[in-house]
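Everything below concerns the one structure shown next.
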Amino acid sequence: MNWHKPIKFKIGDVDWEMPLSTMLLLIFLTLILMAGGAWLGFRFGSGKL
């Protein structure tokens, strides 16, 4: 698998291009932060924080 293969996508009117490894890193970090936020929200909502 070529980790440096450029991935092209479009957000609005702007064309973006980044390496596959960077894209996977951003997706992984996003999922980790979402899970951490959900966990903290659950702890805060249950009064244990």
Side-chain angles (χ1 to χ4, degrees):
M1 180 176 244
N2 184 6
W3 292 103
H4 299 291
K5 177 183 177 188
I7 304 295
K8 298 177 184 180
F9 56 96
K10 189 172 190 174
I11 299 176
D13 293 333
V14 181
D15 292 329
W16 290 83
E17 182 176 335
M18 67 176 61
L20 177 62
S21 58
T22 305
M23 177 74 86
L24 291 176
L25 178 65
L26 289 175
I27 290 170
F28 178 71
L29 288 175
T30 301
L31 292 176
I32 293 293
L33 289 173
M34 286 173 59
W39 181 77
L40 281 174
F42 178 76
R43 297 278 296 185
F44 182 76
S46 63
K48 297 179 181 177
L49 190 66

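Index from 1, following the sequence. The shown structure was predicted, so the numbers you read here are calculated from the model rather than taken from an experiment.
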Phe9 atom CZ, over 12 foreign heavy atoms within 6.0 Å: yes

Heavy-atom pair with the smallest gap, counting every atom of Pro6 and Glu17: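 Nearest heavy atoms, Pro6 then Glu17: CB-OE2, 3.3 Å.
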
Exercise: identify the closest heavy-atom pair between Leu20 and Asn2: CD2-O, 3.8 Å

Which residues share a side-chain contact (heavy atoms from CB on, under 4.5 Å) with Ile27, sequence neighbours left out: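 Ile27: side-chain contact (heavy atoms from CB on, under 4.5 Å) contacts with Met23, Leu31.
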
Contacts of Asp13 that satisfy side-chain contact (heavy atoms from CB on, under 4.5 Å) - sequence neighbours left out: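 In terms of side-chain contact (heavy atoms from CB on, under 4.5 Å), with neighbours along the sequence ignored, Asp13 is linked to no residue.
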
Same cluster (ILVMFWY, side-chain, under 4.5 Å), Ile32 and Leu26: no

Same apolar cluster (I L V M F W Y, side chains within < 4.5 Å links), Leu25/Met18: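 Different clusters: Leu25 never reaches Met18 through Ile, Leu, Val, Met, Phe, Trp or Tyr contacts under 4.5 Å.
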
From CG (Leu24) to CG (Leu29), nearest 0.5 Å: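 With rounding to 0.5 Å, CG (Leu24) is 11.0 Å from CG (Leu29).
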
